[in-house]
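Quick caveat, the model's predicted, so the values are computed rather than measured.
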Amino acid sequence: MIYQGKQKIWADYQKEIPDDKWFYVRSCIRQNFFPGAERMFLEICRNVLGKDFYEAANHTTCGGIAYHCDTIPQETVMTIVARQFALMTEAGYENYVASCITSFGNYLEILETWHEFPELETRIRELLWKACRREFKKPKYIAHASDLIYKYRNEIAEKAKFRLINRQTGEPLKVVEHIGCHYSKMFPSKGVGGAEYPYVLCGMIESWGGSVIDYPERRHCCGYGFRQYHVKANRGYSLSNTHKKFESMEPYHPDMIITNCPGCPYFLDRWQYVIAEMEGKTYGQNGYGIPVFTYEEVAGLVLGYDPWDLGLQLHQVAVEPLLDKIGIEYSPEDKYKGLNRKDIMRPELPGVLKCC
Amino acid sequence: MTMENIFGFSISPSSTVNLDNVDLTLFNRLHELEPDAWKCMSCGSCTATCPAGNFSGMSLRKVLHALQRGKEKDAVKMLRCCMLCGKCSMVCPRGINTRHLILSICKLYKED
Amino acid sequence: MKDNIVIVGGGIAGMEAARQLLKLGYNPIIVEKSDRLGGHVAQWHCLFPDMTPAKDVVSSLIEATGRANIFLNTEISFMNRLKDSYNIMLTNGVSVIAKVVLVTTGFSVFDAGKKEEYGYGVYDQVMTNSDLEHWFNDGNDDRIDGSEMNAIGFVHCVGSRDEKARNPQCSKVCCITAVKQAIEIKKRFPDAMVYCFYMDLRMFGKKYEDFYIAAQRDYGVRFIRGRVSEVSENIEGKVIVKAEDTLAGKPVKVTLDLLVLMAGMVCNPDCSTLAGMVSLQTDSDGFFKSRDNIADITSSSRDGIYYAGACTGPKTVPETLAEARSAALEIHSYINRL
């Protein structure tokens, strides 16, 4: 691998990301999958870095998930998105940041479509007016939330209590980065680092002390693939794709995986349990799996937030071996205590995949 | 250690042909007997003219290709439908003695 | 006094034309931007279909053009039309008045790094057709010397017939070059598996088909009809190539010790600079536009400006040489008409 060759490509794919004043929209599914991630994003941006990130309580799904499952027509998705833009305009913002990768891709696709077919934009403006008497301005900048953490990565590193380094050996942790397909595969120029060698997560890993693993199936989909997973008859394809990725990364012995998409961390995490049950195979050390994180969770960890406040107890693959490697302290007995220290009950432990 | 599958779906085997794992020992022996075994350019003339092909799916082009990619079983199964009429050798633009080639394949890849 | 003829580019087209023009009694002035003559061919090892050493072709041309005026490390600063001639200022300060300018600026090799998915410049074991010819010449390349060669792949059509790379044109010579290089590699590493990944094989020239059959039958080069979609690197530093075997309708992958990208011929960026000086037309592919693609390929749309070789599109060596001779004759009859 020629690192300078990648740097050359990274230099070609840098985009302008305004530093402040963002209108933030959440993902439909992340709050259930990884409930601490979005909260941590706002916590870091607002309270740690003192930036202006506005959130509207009445924003909805972007419609992307239904669009990609072929259950609603494009005009409907466009009208939903037009309403989101109207909320941004009403709140007085011009920079729009999405928590979800598919949303991010959806917004870019719609703006590009309107650019190519202005008559469609006019029609959507009419539909929005008829539906809810709203008007909108198009955002000046659209970013994915990982673009912002990428932008702030060095500030976060300066304030960090921990680094992605194995405390015992002093070696950088070996990190797999996984980019959601809709981040830059549709519009390579809109992603930090482009589509073939995205830099957005690599930049965070490097800044926080880890080393990046580039393995043969790095570019491959996590396996979620909407229609693969949601239709049970196709679900085996979803699992097979994830399995392919783990088989490919296995020889590198990764310490952890970082992702920037709502679906990817969920499937890379949960399918490790299913693969263990079906094949009797696990990919981490001593029967554990490879822990999978969102980039916000990792930012929270290096900044010294309590792992259980980050919601890491909701991961299938145990995070404790990684916390031990970094030297992050945690209290095992508090793992399943809720915010109000109420017992949230313990999950049944799986038979093959070792968990804590 | 494989357990009972409680999920209702499973890991599908990959359809990818992995050239790293193709064993060409037999094909290389065929190539010694029939130097033209690698000469086919997949034009399809043999298949188009094959009287057995229309009914049975027999295709000499596919047989050769399958052997080259290590899919010996598929090839042998297809070849069972050949009637050795020799029409394919008349049409082959590369002048391959297809009838001779087919007989050599049958000798080498005998089914057990 | 002998008429000056300015030849822009000292590759094989420029030199062959100079040779013919000297014989016809003219004073050719070759303006070459690099520090040597021979262009791309001078860096090639040997040429299909007879494996002629490229250096023999180039050195005999250099010998034959010894009497011409040759300016190396020189470009055209500007050029403007006088009544029936051109006033040309060179970057070395020399100015020339010439009735005829012959453009032989040739082509550029596609920058294979632009096809990011193939990993040229990113993965250790990926090289181009030009890199391989260099190795044939000087035997010095870490990608080959430091590794065991058990499996080697060639990717046809890199940056040509590719609208994403903005080069829809066929680069013409790469199919046969890949077959030639595959045979040469097989001769050096007889036990290695050698694969060619192609979309179409365009074996149009004399003895090309014989070459192709020999590659298949005698050298055992494996031709896989399918364009490589993605290249990655495994933990041992080998490259993994993914394609579809379109004849089988199945995805195919293979681990290789070396991958050679057949980077195509694209228009020389000097084309547009030169075209701007005297408003010459360029085609949709960026190459110079001939007055007529069948009957008048060496003429431009401007009086007194002629073309030869790959500046009007991808050409083979014999085609280029034939065009240079043809251009010399056209120039001769043009000057006689004046």
Side-chain angles (χ1 to χ4, degrees), chain B residues 12-48 53 57-78 92-98 100-101 104, chain C residues 150-154 175 179 182-183 186 190-203 208-226 228-230 232 234 236 238-257 259:
Chain B
S12 7
S14 173
S15 65
T16 302
V17 176
N18 188 343
L19 294 173
D20 300 347
N21 306 331
V22 173
D23 181 4
L24 287 174
T25 320
L26 262 184
F27 196 85
N28 288 338
R29 276 180 45 206
L30 177 70
H31 185 226
E32 281 165 26
L33 292 174
E34 300 282 341
D36 285 355
W38 277 115
K39 207 172 159 189
C40 170
M41 57 175 174
S42 293
C43 73
S45 301
C46 51
T47 310
M58 157 69 195
S59 156
L60 183 57
R61 168 182 83 75
K62 283 189 189 165
V63 167
L64 267 177
H65 197 270
L67 291 177
Q68 290 169 1
R69 300 286 182 268
K71 308 257 177 208
E72 296 171 1
K73 276 191 183 148
D74 298 354
V76 171
K77 200 175 149 202
M78 253 190 274
C92 178
R94 281 274 169 99
I96 301 173
N97 186 341
T98 51
H100 201 270
L101 175 65
S104 296
Chain C
N150 296 316
I152 297 144
F154 288 83
C175 278
V179 171
I183 289 175
K186 193 76 187 177
D191 297 329
M193 298 287 264
V194 177
Y195 301 95
C196 280
F197 293 89
Y198 69 97
M199 299 198 282
D200 290 309
L201 283 173
R202 300 186 162 181
M203 296 293 153
Y208 290 10
E209 188 70 9
D210 301 352
F211 242 65
Y212 172 33
I213 294 176
Q216 284 177 292
R217 186 182 190 268
D218 306 331
Y219 294 95
V221 175
R222 310 289 146 76
F223 288 86
I224 296 173
R225 186 177 178 279
V228 170
S229 70
E230 186 179 300
S232 51
N234 74 6
E236 297 162 322
K238 296 182 179 199
V239 283
I240 297 180
V241 163
K242 283 187 188 175
E244 188 198 352
D245 182 343
T246 57
L247 294 172
K250 290 253 184 331
V252 63
K253 73 169 181 182
V254 63
T255 310
L256 301 172
D257 299 295
L259 184 68

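Residue with the most contacts toward chain B among Glu244(C), Lys253(C), Glu209(C): Lys253(C) (heavy-atom pairs, distance under 4.5 Å).
Residues meeting the salt bridge (charged side-chain N to carboxylate O under 4.0 Å, His left out) test with Lys186(C), sequence neighbours left out: none. Lys39(B) is linked by a side-chain contact (heavy atoms from CB on, under 4.5 Å) to Asp36(B), Arg94(B), Ile96(B), Ile213(C), Arg217(C), counting only residues two or more places apart in sequence or in another chain.
Proximity to chain B is absent for every atom of Leu201(C), based on heavy atoms less than 4.5 angstrom apart.
Note: Met193(C) CE to Leu19(B) CG = 7.5 Å, rounded to the nearest 0.5 Å. The CD1 atom of Ile224(C) lies 9.5 Å from the CD atom of Gln68(B); values are rounded to the nearest 0.5 Å. Between the CG atom of Leu64(B) and the CG atom of Leu247(C) there is a distance of 12.0 Å, given to the nearest 0.5 Å.
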### Task
Apply side-chain contact (heavy atoms from CB on, under 4.5 Å) to Val254(C) and Asp20(B), showing your working.
CA-CA 6 Å; Val254(C) 63; Asp20(B) 300 347; 3.4 Å; yes
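Here the closest heavy-atom approach between residue Arg69(B) and residue Phe223(C) is recorded as NH2-O, 3.8 Å. Scanning both residues, Ser15(B) and Lys250(C), for their nearest heavy atoms gives O-CD, 3.3 Å.
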